[in-house]
Trainee: 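Can you keep this structure in mind? I'll have questions shortly.
Side chains included, hydrogens not; waters and symmetry mates left out as well; all remaining heavy atoms used. Residue numbers start at 1 and run along the sequence shown.
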Amino acid sequence: MPSGLAILAVGGYGRRQLFPYSDVDLLLLFESERLAQAHKEAISAFLQRLWDSGLRVSHSVRTPAELSEVHDHNIELDVSLLDQRYLAGDRGLYAELARRLPRFIHASREPLIRNLAQLTRERHAKYAGTFYHLEPNVKETPGGLRDYQLICWLEKLHQTGEEPGPELQEAFQHFARLRCLLHTQSGRDNNVLSFDAQDTIAEQWREGDSAGLMREYYRYSRSIFRAAIHTLESNEAQSSALFAQFRDWRARLSNADFSVHRERAHFRAPQALDVEPELALRLFEFVARHGFRISIEAAQRIEARIGALRAHFAEPRPIWQALSQILTLPHAPLAVRAMHETGVLSVLFPEMEQIECLVVRDFYHRYTVDEHTLVALERLCGARNSYASLLAEVRQPAVLMFAVLFHDSGKGSRGEGHVDASMRLARGAMSRIAMPQQDRETVLFLIRKHLDLSAALQSRDVFDPQTIRDVAHEIETVERLKALTLLTYADISAVNPSAMTPWRAEQLWQLYLMVYNELTRELESDRIESVPTGPPEQLEFLRGFPTRYLRTHTEAEIREHMALEEKSRKRGVAVEIRGLESAWQMTLVAADRPGLFAAVAGTLAAFGMNILKAEAFSNRRGLVLDTFTFADPLRTLDLNPTELDRLRTTAERVIAAKTDVKELLRSRPKPTLPSRKARIPAAVSFNSEASNTATLVEIVAEDRPGLLYDLASAISSNGGNIEVVLIDTQAHKAIDVFYVTAEGRKLPPDKQQILGEALRRACGS
């Protein structure tokens with residue numbers, strides 16, 4: 001190599017922690033930029049040879065001057081210098097860099113720490129700030145290998161030469177072993193501990209005990225995460241004068257029991273815990289009131305006395321008043337999370353121990369059961385807009401919070417439905433803490449019914465008067481409706497970050513309003529059931545439509561539909577597509593024919609759209625008005641305006657039978673199959689009691705492109721008429737509900753049997 005060039009190992013290669021399929025990170029250090037430009041072709045040939053040899057190379061070309069300044073827009077470059085080591089080339093050039101580097105790190109410590117903190121918090125935010133993921137990334141998820149390296153980097157910035165403690169090193173070795181296995185199993189740089197990988201590794205390590213494997217993972221992850229956050233916050237506090245001033249102001253909130261130092265709550269007299277166990281509850285009340293996290297020292301004090309606290313609170317004690325105070329305060333979720341992390345939550349409620357780090361594989365939830373509960377509390381207290389206003393109307397928010405805390409507590413019980421088990425566990429806990437009887441009844445009601453509104457959204461037409469009457473009959477009071485709506489909102493929102501879409505939130509809110517109206521007798525059902533009045537052409541258009549059409553559409557929408565019908569008279573079909581707040585809507589008017597609904601569903605599937613809901617209306621003149629509400633997960637229509645016209649034109653051709661929808665569906669890419677233990681058997685059920693006019697047909701099956709088309713085709717080809725469709729997809733599971741009639745009536749038993757067989761065939765079972 002020419003003089004003035006040195007090659008450095010950086011990243012994992014620099015710190016000698018290279019995994020089987022990791023990138024080989026190189027830094028090409030040139031004495032000057034002019035020299036680097038002169039050897040541009042040689043650099044290219046050198047890197048090409050490395051790639052040809054099978055190495056995954058990541059490289060950068062720099063000069064000593066560039067490595068002596070902070071790069072706010074290239075934080076990774078600064079961080080890489082903390083792990084650099086000499087490989088080859090000009091030793092004098094490298095010696096000069098090694099001489100200058102300590103001075104640079106010392107002089108730039110504060111901005112480097114700030115940039116490291118920014119990188120870390122952005123990464124944590126991608127994973128919702130929690131390590132309790134069902135399929136974690138052992139490198140990037142909070143509490144993973146990257147957080148371990150963060151601790152090492154911060155130590156290097158202070159140039160102390162200290163290594164992480166034995167507990168953290170043990171956690172690192174465990175995660176390194178996992179990552180090696182993941183790489184060798186998949187033959188690539190794969191760091192996701194998927195369900196399949198968990199099963200495979202558990203078979204090798206723990207005789208198939210994947211639950212035990214994951215509990216071990218979460219224990220190690222918790223150690224790294226706690227240490228990383230503590231180290232990061234300590235460094236931020238020490239390096240920021242502004243933060244120190246703010247800290248001093250916040251410290252004025254200290255009281256006789258607790259002090260505030262570096263944004264953490266400390267015991268003033270931790271030994272008082274030995275004689276006054278309720279001091280722990282007052283600490284969590286302090287957290288709930290002011291929003292501070294408890295200090296590492298305070299957490300360690302509590303954990304060291306956990307046995308004594310358990311013995312104290314095992315006896316029935318009237319502590320509901322203290323707990324309700326915590327659950328009512330602004331930062332209640334933060335306090336409950338601190339109680340969980342220190343073990344105090346399971347001390348107060350041993351009933352919840354069974355869900356700690358519990359993995360329930362439904363391939364829709366992202367978090368463990370205990371983390372789902374904590375996130376639900378956070379989503380409830382962080383609700384916005386209408387839901388925030390609704391929460392402010394709840395008379396006893398602490399009772400609602402307690403119900404959220406226990407709503408899934410029974411998922412760790414075997415041989416018993418989780419709702420029944422949760423109610424049983426809640427009864428014991430409420431009795432022990434002396435909760436008033438009326439509050440207990442409310443909690444039990446909320447737990448018993450916590451899935452009802454979700455089920456109505458998922459499997460019932462919420463604009464059907466019978467649905468609203470049924471839901472109102474089950475809930476009975478407005479106060480219970482408010483609490484149940486909020487619990488449902490929190491529960492869905494905590495499933496995964498994208499579960500509570502704006503569209504779903506709006507649907508839940510509309511359901512709340514309609515049930516509220518039913519309970520307060522303001523439904524105006526007479527107006528809806530009366531013969532409509534208006535211009536003759538409007539009466540002619542409406543004649544024959546079901547009365548629910550008026551319930552689900554405004555006067556403006558009816559006029560738009562009439563205009564669409566007028567447009568359809570020229571070509572026999574008219575299609576309109578418009579964007580909603582969080583979805584898209586296709587409305588079509590055409591002459592009715594068998595298979596029309598299925599054909600449109602297939603067209604949307606061929607374009608990669610996810611159908612959220614669909615309605616089909618027809619009048620006495622054989623005119624069909626279908627409305628499809630759908631999501632565009634890849635934002636194809638937003639980013640490519642011409643695709644909107646292509647979708648509209650294609651739909652018109654399919655409706656007119658000029659294009660075969662089966663050909664469109666063949667071009668769809670094949671979906672990724674779920675893991676070998678996640679296959680979903682198809683199930684078809686019929687319900688003729690849920691609606692006054694139609695039979696509900698519910699299909700649960702493994703989702704795939706074109707499934708709705710196949711199901712709708714099966715219904716149409718067997719003489720069924722689709723009135724309403726409700727579609728829900730949870731990971732690989734599709735839950736589709738059709739309101740079906742035959743010759744204007746509900747399906748008779750023989751028709752149900754024939755249709756059931758056809759639908760199961762359509763599902764591929």
Trainee: Under a 4.0 Å threshold between the charged nitrogen and the carboxylate oxygen, would R215 count as salt-bridged to E353?
Mentor: no
Trainee: To the nearest 0.5 Å, tell me how far R440 CZ sits from M423 CE.
Mentor: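 These two atoms lie 13.5 Å from each other.
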Trainee: Determine whether the aromatic ring centres of F258 and H266 lie less than 6.0 Å apart.
Mentor: no
Trainee: Applying salt bridge (charged side-chain N to carboxylate O under 4.0 Å, His left out) to R432 and E351, what does each step give before you reach the verdict?
Mentor: CA-CA 11 Å; R432 194 170 58 254; E351 296 86 357; 2.8 Å; yes
Trainee: Is there a side-chain contact between Y739 and V697 in this structure, where contact means two heavy atoms from C-beta onward sitting under 4.5 Å apart?
Mentor: no
Trainee: State yes or no: are the ring centers of Y387 and W509 separated by less than 6.0 Å?
Mentor: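 Under 6.0 Å, so yes.
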Trainee: Please confirm whether the backbone N or O of V495 pairs with a side-chain atom of R366, one donor and one acceptor, at under 3.5 Å?
Mentor: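 Between the backbone of V495 and the side chain of R366 there is no qualifying donor-acceptor contact (under 3.5 Å).
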Trainee: Side chain of N137, backbone of V192: donor and acceptor closer than 3.5 Å?
Mentor: no
Trainee: Counting only N and O atoms by type, is there a donor-acceptor contact under 3.5 Å from the side chain of T477 to the main-chain atoms of R480?
Mentor: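 Present.
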Trainee: Short question: side chain of E479, backbone of V394 - any donor-acceptor pair under 3.5 Å?
Mentor: no
Trainee: When you compare the side chain of E278 with that of F313, does any pair of heavy atoms fall below 4.5 Å?
Mentor: yes
Trainee: Do NZ/NE/NH1/NH2 and the carboxylate oxygens of R337 and E378 come within less than 4.0 Å?
Mentor: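 Yes.
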Trainee: If we only count heavy atoms from C-beta on, is the L400 to L446 side-chain gap below 4.5 Å?
Mentor: yes
Trainee: Do E356 and M352 have side chains that get closer than 4.5 Å, going by heavy atoms?
Mentor: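 Side chain of E356 against side chain of M352, heavy atoms only: no contact under 4.5 Å found.
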Trainee: Could you go through the salt bridge (charged side-chain N to carboxylate O under 4.0 Å, His left out) check for R123 and D147 one step at a time?
Mentor: CA-CA 10 Å; R123 174 171 54 82; D147 273 359; 2.6 Å; yes
Trainee: Evaluate I475 against L453 for side-chain contact (heavy atoms from CB on, under 4.5 Å), listing each step before the verdict.
Mentor: CA-CA 10 Å; I475 294 177; L453 295 186; 4.1 Å; yes
Trainee: Identify whether the distance between the nearest side-chain nitrogen and carboxylate oxygen of R310 and E315 falls below 4.0 Å.
Mentor: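 No, this pair does not count.
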Trainee: Taking the six-membered ring for Trp, are H418 and H407 closer than 6.0 Å centroid to centroid?
Mentor: no
Trainee: Cut-off 3.5 Å, side chains only: do Q396 and D439 have a donor facing an acceptor?
Mentor: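 Yes, D439 and Q396 have a side-chain donor paired with an acceptor closer than 3.5 Å.
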Trainee: Would you indicate whether the side-chain heavy atoms of M430 and L444 approach each other to under 4.5 Å?
Mentor: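 Contact flag for L444/M430 side chains = yes.
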Trainee: If we only count heavy atoms from C-beta on, is the P136 to M214 side-chain gap below 4.5 Å?
Mentor: yes
Trainee: For R424, is there an ion pair with E416 - N to carboxylate O distance below 4.0 angstrom?
Mentor: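 Salt bridge present between E416 and R424.
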Trainee: Can you tell me if S454 uses its side chain to pair, donor with acceptor, with the backbone of H450 under 3.5 Å?
Mentor: no
Trainee: Tell me if the aromatic rings of F738 and F686 count as close, with their centers under 6.0 Å from one another.
Mentor: no
Trainee: So how far is it from M339 CE to T342 OG1, rounded to the nearest 0.5 Å?
Mentor: 7.5 Å
Trainee: Give the minimum heavy-atom separation between A288 and I326, together with the two atoms involved.
Mentor: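 Closest approach of A288 to I326: CB-O, 3.7 Å.
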Trainee: Going by an N to O cut-off under 4.0 Å, is there a salt bridge joining R226 and E303?
Mentor: yes
Trainee: For the residue pair Y217 and F131, is the inter-centroid distance of their aromatic rings smaller than 6.0 Å?
Mentor: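 No, the ring centres sit 6.0 Å or more apart.
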Trainee: Under 6.0 Å between ring centres: does that hold for W584 and F628?
Mentor: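 No, too far apart.
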Trainee: Using the six-membered ring wherever Trp is involved, compare the ring planes of H124 and F225 and label them parallel, tilted or perpendicular (cut-offs 30° and 60°).
Mentor: tilted
Trainee: Crowded around Q438 CD? As in, over 12 foreign heavy atoms under 6.0 Å?
Mentor: no
Trainee: Under a 4.0 Å N-O cut-off, is there an ion pair linking R379 with D491?
Mentor: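 D491 and R379: not salt-bridged.
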Trainee: Is it true that R635 and D632 make a salt bridge, defined as a side-chain N closer than 4.0 Å to a carboxylate O?
Mentor: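 Between D632 and R635 there is no salt bridge, as every charged N stays at least 4.0 Å from the carboxylate O atoms.
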Trainee: Between D452 and V471, is the side-chain contact (heavy atoms from CB on, under 4.5 Å) condition met? List the steps.
Mentor: CA-CA 8 Å; D452 283 17; V471 174; over 6 Å; no
Trainee: Quick check: does any side chain N or O of S431 sit under 3.5 Å from a backbone N or O of G428, one acting as donor and the other as acceptor?
Mentor: no
Trainee: Do S295 side-chain atoms and A298 backbone N/O form a donor-acceptor pair below 3.5 Å?
Mentor: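 Between the backbone of A298 and the side chain of S295 there is a qualifying donor-acceptor contact (under 3.5 Å).
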Trainee: Below 4.5 Å, heavy atoms only, C-beta onward: do R460 and V737 meet side chain to side chain?
Mentor: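 Counting from C-beta outward, R460 and V737 never come under 4.5 Å.
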Trainee: Does a side chain donor of either E135 or S194 reach within less than 3.5 Å of an acceptor in the other side chain?
Mentor: no
Trainee: In terms of side-chain heavy atoms, does Q510 have a donor or acceptor partner in E506 at a distance below 3.5 Å?
Mentor: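 Their side chains do contain a donor-acceptor pair, which is all the 3.5 Å distance test asks for.
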Trainee: Is a side-chain donor or acceptor of T368 paired with a backbone partner of C357 at a separation under 3.5 angstrom?
Mentor: no
Trainee: More than 12 foreign heavy atoms under 6.0 Å from CZ of R293: is that the case here?
Mentor: no
Trainee: Which heavy atom of A494 sits nearest to which heavy atom of H372, and what is that distance?
Mentor: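 Heavy atoms only, the tightest pair is O-ND1, 3.1 Å.
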Trainee: Could you point out which residue of L334, L345, I302 forms a side-chain contact (heavy atoms from CB on, under 4.5 Å) with F284?
Mentor: I302
Trainee: Distance only, no hydrogens: is a donor on one side chain within 3.5 Å (strictly under) of an acceptor on the other, for Q507 and R504?
Mentor: no
Trainee: For A499, is there any backbone N or O sitting under 3.5 Å from a side-chain donor or acceptor partner on N496?
Mentor: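 Yes.
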Trainee: Look at the rings of Y132 and Y218 and say which category their plane angle falls in: under 30° parallel, 30 to 60° tilted, over 60° perpendicular.
Mentor: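 Aromatic pair Y132/Y218 classed tilted.
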Trainee: If every non-hydrogen atom of L327 is compared with every non-hydrogen atom of A398, which pair is closest and at what distance?
Mentor: CD1-O, 3.7 Å
Trainee: Check the orientation of Y512 and Y516. Use parallel for under 30°, tilted for 30 to 60°, and perpendicular for over 60°.
Mentor: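 Taking Y516 first and then Y512, their aromatic rings sit tilted (interplane angle of 30° to 60°).
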Trainee: Which distance, rounded to the nearest 0.5 Å, do you find between the CG of L405 and the CG of D370?
Mentor: 11.0 Å
Trainee: Under 3.5 Å, is there a donor-acceptor pair linking the side chains of H230 and R264?
Mentor: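 There is no such pair between these side chains.
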Trainee: Flag the pair E122 and K126 as a salt bridge only when some basic side-chain nitrogen lies within less than 4.0 angstrom of an acidic carboxylate oxygen.
Mentor: no
Trainee: Under 4.5 Å between any side-chain heavy atoms of V443 and V399, yes or no?
Mentor: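 When only atoms from C-beta onward are counted, V399 and V443 do touch, with a gap below 4.5 Å.
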Trainee: So which heavy atom on L391 is nearest to which on C381, and how close?
Mentor: CD2-CA, 4.3 Å
Trainee: Look at the side chain of T467 and the backbone N and O of V462, then say whether any donor-acceptor pair between them is shorter than 3.5 Å.
Mentor: no
Trainee: Kindly compute the distance separating CG (L486) from CG (L390), expressed to the nearest 0.5 Å.
Mentor: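 Interatomic distance, L486 CG to L390 CG, rounded to 0.5 Å: 4.0 Å.
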